[in-house]
Amino acid sequence: MQNAAAIVYTSCCEIMHNNCPGALQKVLFRPIIDWVNKALDSAGISDRCYVINEGENDVLKYTDEKTVFVRKAESGHPALSAKEWIESKPDTDFLVIGAEAIFTDPDVLNAALDRHRSQNEKLTIIASGGRAALMKELSVSAFWAKQDFLLEAFEKCQNEDKNGDQFLVGAMKILSDEQLVAGTHVAGKAEINMRGNDPAGVLTLNAAARTVVFKKLCAEGVEFACLDGIIIEPSVKIGSGTTILPGTIIKGKTEIGRNCVIGPNSFIEDSKIGDGAEVNSTQIRSSVLEKDVKIGPWSQVRPGCVIHEGCKIGDYVEIKNSEVGARTAVAHLTYIGDADVGEAVNFGCGCCIANYDGQHKHRTKIGDHAFLGCNTNLVAPVELEDFAYTAAGTTVTKKVPEYALAVGRAKQENIEGWVKKHDAIKIK
């Protein structure tokens with residue numbers, strides 16, 4: 001954004017239960033400073049200076065290499081510590097905002113700047129609501145200020161306000177003395193100036209953030225039977241017609257398609273779920289499930305998996321670092337690890353791919369239309385070609401050719417009369 005810059009300052013408050021600065025407290029799994037940075041990115045405000053307290057070096061992890069950092073001075077408003085940086089940018093409008101301003105809205109920032117410039121205001125305060133809210137929130141409100149006025153306010157207010165809490169009150173008095181008034185942009189968002197300075201406050205922020213996310217998703221056509229136990233990170237994208245059931249947690253760079261049913265009691269992180277999928281009581285991490293996949297309950301998809309269209313994955317199934325072809329069925333009680341599975345394969349109950357020999361992981365390849373009988377063990381590295389079958393209870397240690405049946409178990413032998421002869425068994 002041309003001739004616009006931001007001063008982002010951290011407060012002096014710390015969350016005492018873990019000695020963690022408020023800006024690094026997590027709300028919906030993300031540090032609050034990350035929420036603020038993403039809002040500034042969306043608003044196009046890339047020129048920034050961060051004013052941080054001693055011991056807050058971790059804040060640097062959430063900024064890019066071009067960002068300027070200064071240490072907060074012992075007294076005065078935190079932005080005063082960036083005075084030299086401000087002086088180097090003539091004819092610039094500065095946004096002064098707290099690093100704990102979790103509900104910063106890029107549209108609000110831009111609208112406030114438009115007003116600030118169109119009305120040629122020296123100071124424009126961003127308020128959540130009317131005058132009563134404005135006065136209550138002055139100590140934490142974000143504001144736009146022209147460079148010359150900001151420097152003037154620093155000069156006149158710094159000795160009167162040790163902690164900077166009354167900076168805006170002092171700035172408004174300066175304008176009044178000059179027979180001017182501060183502009184106010186009313187955001188119309190009750191949460192925009194909310195802060196959390198203790199564990200209870202952070203809990204309140206989480207509740208408010210959940211509501212913000214739910215309202216956005218509902219407006220996009222996502223359906224909720226109720227909200228019990230549902231936590232969705234704001235970065236998550238969900239298609240219209242999808243239903244999220246109670247107890248479901250969705251995190252990271254997850255994308256969920258249209259008309260899915262997710263939950264109850266599911267966990268999805270950094271994954272992509274296709275249209276029409278059903279995820280019931282299942283954990284999925286860093287994987288892809290294509291359209292119309294049905295999985296669960298009580299299954300797990302570990303990182304690195306691709307499960308193709310129309311697969312049916314039942315209960316107590318674990319899949320790790322594997323690709324599973326379209327229309328494959330894995331009914332229950334099965335482990336698939338480090339495998340490339342073809343299309344329309346059938347796994348019987350209790351199958352296991354032994355992919356680890358104690359030192360190295362090995363891959364298994366299973367061709368299209370293969371059929372694995374119950375309790376089949378595949379000792380990697382091994383291959384089943386197209387239409388290969390295994391008999392129930394078989395342990396496979398070498399390639400099974402096309403259309404072959406692998407039988408890898410001891411031949412059954414019946415010992416007649418054994419029960420009657422065994423002394424430990426009492427026959428009535």
Side-chain angles (χ1 to χ4, degrees), residues 1-2 4-11 20-52 56-69 78 93-114 126 128 140-144 185 187-196 201-202 204-220 222 231-238 249-256 268-272 286:
M1 185 182 294
Q2 189 174 8
I7 303 165
V8 184
Y9 64 90
T10 60
S11 74
C20 179
L24 297 178
Q25 286 296 310
K26 291 186 178 180
V27 173
L28 298 189
F29 311 113
R30 291 168 52 193
I32 292 175
I33 185 67
D34 195 42
W35 289 67
V36 177
N37 286 336
K38 283 181 167 53
L40 294 175
D41 290 341
S42 297
I45 307 172
S46 58
D47 194 5
R48 304 173 201 168
C49 177
Y50 288 73
V51 182
I52 61 177
E56 293 182 337
N57 291 335
D58 285 345
V59 171
L60 279 63
K61 297 177 182 177
Y62 298 95
T63 60
D64 59 37
E65 296 178 353
K66 298 179 181 179
T67 302
V68 176
F69 287 90
D93 292 299
F94 289 91
L95 171 69
V96 181
I97 188 168
E100 298 85 7
I102 182 171
F103 297 113
T104 300
D105 187 309
D107 293 334
V108 169
L109 295 182
N110 285 329
L113 179 59
D114 288 343
I126 300 175
S128 65
V140 294
S141 294
F143 58 90
W144 284 100
H185 177 78
K189 296 177 180 287
E191 72 278 355
I192 199 162
N193 284 323
M194 286 182 64
R195 302 291 186 272
V202 174
T204 301
L205 292 181
N206 270 282
R210 286 180 73 224
T211 300
V212 169
V213 171
F214 291 147
K215 286 182 177 179
K216 176 178 179 293
L217 291 174
C218 286
E220 295 170 354
V222 179
I231 305 175
I232 302 175
E233 194 170 339
S235 55
V236 171
K237 298 179 181 179
I238 304 177
I249 298 173
I250 310 175
K251 298 176 59 178
K253 299 178 180 179
T254 294
E255 296 182 18
I256 297 174
I268 304 174
E269 182 177 21
D270 295 329
S271 296
K272 187 172 183 179
S286 303

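- To the nearest 0.5 Å, atoms CH2 (Trp35) and NZ (Lys26) are separated by 13.5 Å.
- Listed for the Asn193 side chain is no donor-acceptor partner under 3.5 Å among the backbone atoms of Ser141.
- Across Ile45 and Ala5, no two heavy atoms sit closer than the pair CG2-C, 4.0 Å.
- Side-chain contact between Val236 and Leu217 is absent, with no heavy-atom pair separated by less than 4.5 Å.
- At a threshold of 4.5 Å between non-hydrogen side-chain atoms, the residues Arg210 and Leu28 count as touching.
- Proximity of a side-chain donor or acceptor of Ser271 to a complementary backbone N or O of Ile268 within less than 3.5 Å is not detected.
- Residue Ile32 is tested with Val27, Thr10, Leu24 for a side chain to side chain contact (heavy atoms under 4.5 Å, CB included); the sole match is Val27.
- How far OG of Ser235 is from CG of Asp270: 8.0 Å, rounded to the nearest 0.5 Å.
- Phe29 places a side-chain heavy atom less than 4.5 Å from the side chain of Ile249.
- Contact between Ala187 and Val108 at its shortest, heavy atoms only, is CB-CG1, 3.8 Å.
- When Leu95, Val96, Leu40 are each tested for a side chain to side chain contact (heavy atoms under 4.5 Å, CB included) with Val8, only one passes: Leu40.
- The main-chain N or O of Gly252 is never found under 3.5 Å from a side-chain atom of Thr254 such that the two would form a donor-acceptor pair.
- The nearest pair of heavy atoms linking Gly196 to Leu205 is N-CD1, 3.5 Å.
- Within the model, atoms CD of Glu255 and CD1 of Ile250 stand 12.5 Å from one another, a figure rounded to the nearest 0.5 Å.
- Side-chain contact between Pro31 and Tyr62: present, with at least one pair of heavy atoms (C-beta onward) separated by less than 4.5 Å.
- Contact of the Ile7 side chain with the Ile97 side chain is not registered, since no non-hydrogen atoms from C-beta on lie closer than 4.5 Å.
- When every heavy atom of Val36 is checked against every heavy atom of Ala99, the shortest pair comes out as CG2-O, 3.5 Å.
- Sorted by first and then second residue, the pairs that involve residues 105-114 and meet salt bridge (Lys or Arg N to Asp or Glu O under 4.0 Å), not counting sequence neighbours, are Asp105-Lys189.
- The two residues Phe103 and Ala208 make their nearest non-hydrogen contact at CZ-CB, 3.7 Å.
- Under the side chain to side chain donor-acceptor pair (under 3.5 Å) criterion, Asp34 pairs with Arg30, Lys38, sequence neighbours left out.
- Other residues, nucleotides and ligands contribute over 12 non-hydrogen atoms within 6.0 Å of the NZ atom of Lys251.
- Note: Ser46 OG to Asn37 CG = 12.0 Å, rounded to the nearest 0.5 Å.
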Exercise for the section: Test side chain to side chain contact (heavy atoms under 4.5 Å, CB included) on Ile232 and Ile238 and set out the steps. Expected result: CA-CA 10 Å; Ile232 302 175; Ile238 304 177; 4.2 Å; yes
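- Note: Tyr9 OH to Tyr50 OH = 14.0 Å, rounded to the nearest 0.5 Å.
- For Lys216, the side chain to side chain donor-acceptor pair (under 3.5 Å) criterion is met by Glu220, not counting sequence neighbours.
- The structure places CG of Leu113 at 12.5 Å from CZ of Phe94, a figure rounded to the nearest 0.5 Å.
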